[in-house]
Amino acid sequence: MKLKLEENWTTDNGGVPLIDEDVARYITVRPTDAQYLHSRKPFYCFIHFGMNTATGREWGNGTETPQDFTIKKVNPQQWAKVVKSSGATGIILTCKHHDGFCLWDTGTTDFSVMNSPFAQDIVALTAQACRDEGLDFGVYLSPWDMHESTYATPLYNDFFCRQLTELLTRYGDIFEVWFDGAKGAEAKAFEYDWERYYKIVRSLQPNANISICGPDIRWVGNEAGNARDKEWSVVPYELTKAETVSKHSQHSESDAKRLQNIKSSDEDLGSRKVLANKQQLCWYPAEVDVSIRKGWFSSPDSDSTVKSAKTLFELYLNSVGNNSYFLLNVPPNKKGVIPRREVNALKKLGEKISDLYAEPVLVQNFGELTDGYLEFDFPQDTKVSYCAISEDIRMSQRVESFDLYIRKKNGKYKCVCKDGIIGNCKIIKIGSECTGAVFVVRQSRGTPFIEQIAFYK
C-alpha cells in the first residue's frame, strides 16, 4: 500500500488553509478548567431511582402520594461498589424526576421521601456512598414537575431554585448537574428561567458541569448509545440552547423508544463548512446517555433486556473512544439494589476496560507536532488490539483528518483508520500481528497538538 506520506498537514493540508482568520477563531475555542477536568473522567453512571421504581412506571402521572413509595430498603453502598467495579468514576442520581417526588429532606414540598414509609434522605445516603468509594457525585433535577401546584406560574422558578440550592449546598462537591427539557404534551406552557438556574450552579458549585439543558455538555442526540463518526467539541453556540426549546424535547413516555431509533451518524455539527457561518462558537462536548436495560427505571418486565458486558464495552468504545462522554444508566430495583444480572455485566465491563489498557506495547507523549507523520517501531512482532490517540484539548480540537496504518510482518501496510478525527480520545480497533505503525495527520486547524498515542495488546 502506498501511504502518500507527502500529503499531510505540513504540505497541502487537505487543500484548505492551515491557518487563516477563520481557523484562528476556531482554535481559540477551548475547554474551561471544569470542562477539562471532566474530560479526564469520561465514563460515569446514571442512577434512575424513585417513585417510578415503586410504581413500575417510566413517567409518573402526578397523582402519587408519599405513601406510594413503598420501597422498604435502599442500599446506595451497593450501588457505589457496583458502579466502581464497572470502571466508572461517578454517579448522577435522579433526585427528582418528572413526578415531582423528592429523594431528599426538602423544605420546599411535603411530596418527598421523608414523608414516605422509608423516611430517609436517599440523596444524602448516595452522596456518602460515593465518597466512601472515591466516586464523584452528581444530581439530576427535573424542571418539569407534575405534582407542584405552582408549576407554570412565576412562583415555580422560585420553587425550583430553592430545590436546586438545597441539592448544591448539602451534599458536598457536585461534578455534574443534569437538566433535561422533557415535558408532557399535556403540560401547561411554561418557560424555565434557565439563566437563573445556571447562575445558581456557577455560584454554589463552580466546578460542576451543567449538562444537556446547559452550556457545558451537550446531548449526543439519541438514547441508543450512538455517537457520530465525527464528534466535534467546537460547535455553534446556538446548540447550547437546543434542548431548552420545548419542541426538541421529549413530550411523552413513548418518545423514549423514538429517541433510541434516531440515527445521527450523518449529522455535521463542527466542520469548517458549518462553523464558517457561525459568529459565536463554544466548547460543547457530547455525552452519550444510554440505559443498561430497556427503559430508565427498573422493572421485572425488562429483566431480559439487560445488555451484556460485550455490548456495554462496544458502547464504551463508541463513546469514550469517539470523543464523547459515556453516561450509562444503572437502575436499582424495588429491593433497593442493582440486580445480579446488571452486577455481573458491569463487573465484566470493568474487567474489559481494565484489560484494554493493561498491556501497553508502546506509549508516547508528544505535544506540538513538527512533522506531518509519526512512525512507530514496536519492540517485537506482536499482536496489537487497540490504539488510543488523544489531542491536548487545552489547545482546542485541531485534527480534522488523520490516517493510521499498521506494518504487517511481511513489511506491507494496512490502513486501520482513515479520515478520522480525535479530540479528547480516539480508540481504534486493530486486532492484528504487526511490527510497527504510521500515524499521518492529513488536515489540521493550525499546528496539531497530540497529547499521547498508545498501542495495547
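This is a predicted model, so every value here is computed, not measured.
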**OP:** Would you indicate whether the side-chain heavy atoms of Arg272 and Gln443 approach each other to under 4.5 Å?
**Re:** yes
Original post:
Looking at Asp180 and Cys213, what are the two nearest heavy atoms and their distance?
Top reply: C-SG, 3.5 Å
**OP:** Any chance you could lay out the salt bridge (Lys or Arg N to Asp or Glu O under 4.0 Å) test for Lys307 and Glu314, step after step, and finish with the verdict?
**Re:** CA-CA 11 Å; Lys307 294 176 175 63; Glu314 289 299 319; over 6 Å; no
Subject >> Considering all heavy atoms, the nearest Asn329-Gly295 contact >> reply: ND2-O, 4.3 Å
Subject >> Stepwise salt bridge (Lys or Arg N to Asp or Glu O under 4.0 Å) test for Glu176 and Lys41 >> reply: CA-CA 12 Å; Glu176 184 168 329; Lys41 299 178 179 181; over 6 Å; no
Subject >> Backbone N/O of Asn424 and side chain of Asn323: donor-acceptor pair under 3.5 Å >> reply: yes
Subject >> Donor-acceptor pair between Asn322 and Ser324 side chains, under 3.5 angstrom >> reply: no
**OP:** Determine, for Asp303 against Arg341, whether the closest basic-nitrogen to carboxylate-oxygen distance falls under 4.0 angstrom.
**Re:** no
Original post:
Salt bridge between Glu451 and Arg40, side-chain N to carboxylate O under 4.0 Å?
Top reply: yes
**OP:** Keeping the roles fixed (side chain from Glu359, backbone from Lys457), state whether a donor-acceptor pair exists under 3.5 Å.
**Re:** no
Subject >> Short side-chain to backbone donor-acceptor contact, Lys418 and Asp403, under 3.5 Å >> reply: no
Subject >> Sidechain-backbone polar pair: Asp193 side chain, Asn157 backbone, donor-acceptor under 3.5 Å >> reply: no
Original post:
Does Pro332 reach the side chain of Ile47, with side-chain heavy atoms less than 4.5 Å apart?
Top reply: yes
Original post:
Would Asp216 and Arg202 pass as an ion pair if we require N to O under 4.0 Å?
Top reply: yes
Original post:
Do you know the tightest heavy-atom contact between Leu312 and Ile292?
Top reply: CD1-CD1, 3.9 Å
**OP:** Test Phe439 against every option in Tyr373, Phe366, Phe376 by the side chain to side chain contact (heavy atoms under 4.5 Å, CB included) rule and name the one that passes.
**Re:** Phe376
**OP:** Look at the side chain of Asn209 and the backbone N and O of Ala34, then say whether any donor-acceptor pair between them is shorter than 3.5 Å.
**Re:** yes
Original post:
Are Leu3 and Val438 side-chain neighbours, meaning at least one heavy-atom pair lies under 4.5 Å?
Top reply: yes
Subject >> Atom pair OH (Tyr357) and NZ (Lys352), whose distance is rounded to the nearest 0.5 Å >> reply: 14.0 Å
Subject >> Side chains of Ser302 and Ser299, donor plus acceptor under 3.5 Å >> reply: no
**OP:** Check step by step if side-chain contact (heavy atoms from CB on, under 4.5 Å) holds for Gln397 and Ile421.
**Re:** CA-CA 9 Å; Gln397 184 179 3; Ile421 66 170; 3.7 Å; yes
Original post:
Is it true that the side chains of Asp381 and Thr435 contain a donor and an acceptor less than 3.5 Å apart?
Top reply: no
Original post:
Tell me, do Trp232 and Leu275 make a side-chain contact under 4.5 Å, heavy atoms counted?
Top reply: no
Original post:
Quick one: which of Glu231, Glu287, Glu243 gives a salt bridge (Lys or Arg N to Asp or Glu O under 4.0 Å) with Arg218?
Top reply: Glu231
Original post:
Can you list the steps and then say if Gln280 with Glu238 is a side-chain contact (heavy atoms from CB on, under 4.5 Å)?
Top reply: CA-CA 8 Å; Gln280 284 189 289; Glu238 64 200 53; over 6 Å; no
Original post:
Side chains of Trp283 and Gln35: is there a donor and an acceptor less than 3.5 Å apart?
Top reply: no
**OP:** State the CG-CZ distance between Asn333 and Arg293, to the nearest 0.5 angstrom.
**Re:** 8.0 Å
Subject >> Ring geometry between Trp59 and His98 (parallel below 30°, tilted from 30 to 60°, perpendicular above 60°) >> reply: perpendicular
**OP:** Answer yes or no: is there a side-chain heavy-atom contact under 4.5 Å between Ile453 and Leu374?
**Re:** yes
Original post:
Angle class for the Phe313/Tyr316 ring planes (parallel below 30°, perpendicular above 60°, tilted otherwise)?
Top reply: parallel
Subject >> Atom of Val320, atom of Cys425 and distance for their closest heavy-atom approach >> reply: O-CB, 3.5 Å
Original post:
Does CZ belonging to Arg340 count more than 12 external heavy atoms closer than 6.0 Å?
Top reply: no
Original post:
Could you go step by step and tell me if Trp178 and Thr94 meet the side-chain contact (heavy atoms from CB on, under 4.5 Å) rule?
Top reply: CA-CA 9 Å; Trp178 215 96; Thr94 55; over 6 Å; no
Original post:
Do Ser354 side-chain atoms and Gly350 backbone N/O form a donor-acceptor pair below 3.5 Å?
Top reply: no
Original post:
Would a distance-only check, ignoring hydrogens and angles, find a side-chain to backbone donor-acceptor pair under 3.5 Å from Arg25 to Gln279?
Top reply: yes
Original post:
Looking only at heavy atoms, which two atoms of Ala224 and Val290 are closest? And how far apart?
Top reply: C-CG2, 3.9 Å
Original post:
Rounded to the nearest 0.5 Å, how far does CG of Leu18 lie from CG of Asn13?
Top reply: 5.0 Å
**OP:** Indicate, with yes or no, if the rings of Tyr456 and Tyr386 have centres closer together than 6.0 Å.
**Re:** no
Subject >> Interatomic spacing from NZ in Lys347 to NZ in Lys81 - rounded to 0.5 Å >> reply: 13.0 Å
Subject >> With Phe49, the ring pair (Phe, Tyr, Trp, His ring centres under 6.0 Å) member among Trp79, Trp296, Tyr140 >> reply: Trp79
Subject >> Intermediate values then yes/no, side-chain contact (heavy atoms from CB on, under 4.5 Å), Phe175 and Thr89 >> reply: CA-CA 11 Å; Phe175 85 101; Thr89 58; over 6 Å; no
Original post:
How about Tyr171 and Phe137: are their ring centres within less than 6.0 Å of each other?
Top reply: no
Original post:
Donor-acceptor pair, Ser203 side chain versus Lys199 backbone, under 3.5 Å?
Top reply: no
Original post:
Are any non-hydrogen side-chain atoms of Thr53 and Pro331 less than 4.5 angstrom apart?
Top reply: no
**OP:** Just do the salt bridge (Lys or Arg N to Asp or Glu O under 4.0 Å) check on Glu195 and Lys241 with the steps written out, would you?
**Re:** CA-CA 11 Å; Glu195 293 304 322; Lys241 308 297 182 183; 2.8 Å; yes
Original post:
Would one find more than 12 heavy atoms of other residues, nucleotides or ligands at under 6.0 Å from atom CG of Asp355?
Top reply: yes
**OP:** Kindly determine whether Lys273 and Asp268 satisfy salt bridge (Lys or Arg N to Asp or Glu O under 4.0 Å), including the steps that lead there.
**Re:** CA-CA 9 Å; Lys273 181 179 179 181; Asp268 177 5; over 6 Å; no
Original post:
Where do Val274 and Lys278 come nearest, in terms of heavy atoms and distance?
Top reply: O-CG, 3.4 Å
Original post:
Just how far is it from atom SG of Cys45 to atom CG of Asp289, taken to the nearest 0.5 Å?
Top reply: 12.5 Å
Original post:
Would you say Phe43 and Ser319 make side-chain contact, with heavy atoms under 4.5 Å?
Top reply: no
Subject >> Atom CG of Asp377: over 12 foreign heavy atoms under 6.0 Å >> reply: yes
Original post:
Can you check whether Phe179 and Tyr192 have ring centres sitting under 6.0 Å from each other?
Top reply: no
Original post:
Between atom SG of Cys102 and atom NE2 of His97, what is the distance when rounded to the nearest 0.5 Å?
Top reply: 13.0 Å
Original post:
If we only count heavy atoms from C-beta on, is the Leu328 to Leu346 side-chain gap below 4.5 Å?
Top reply: yes
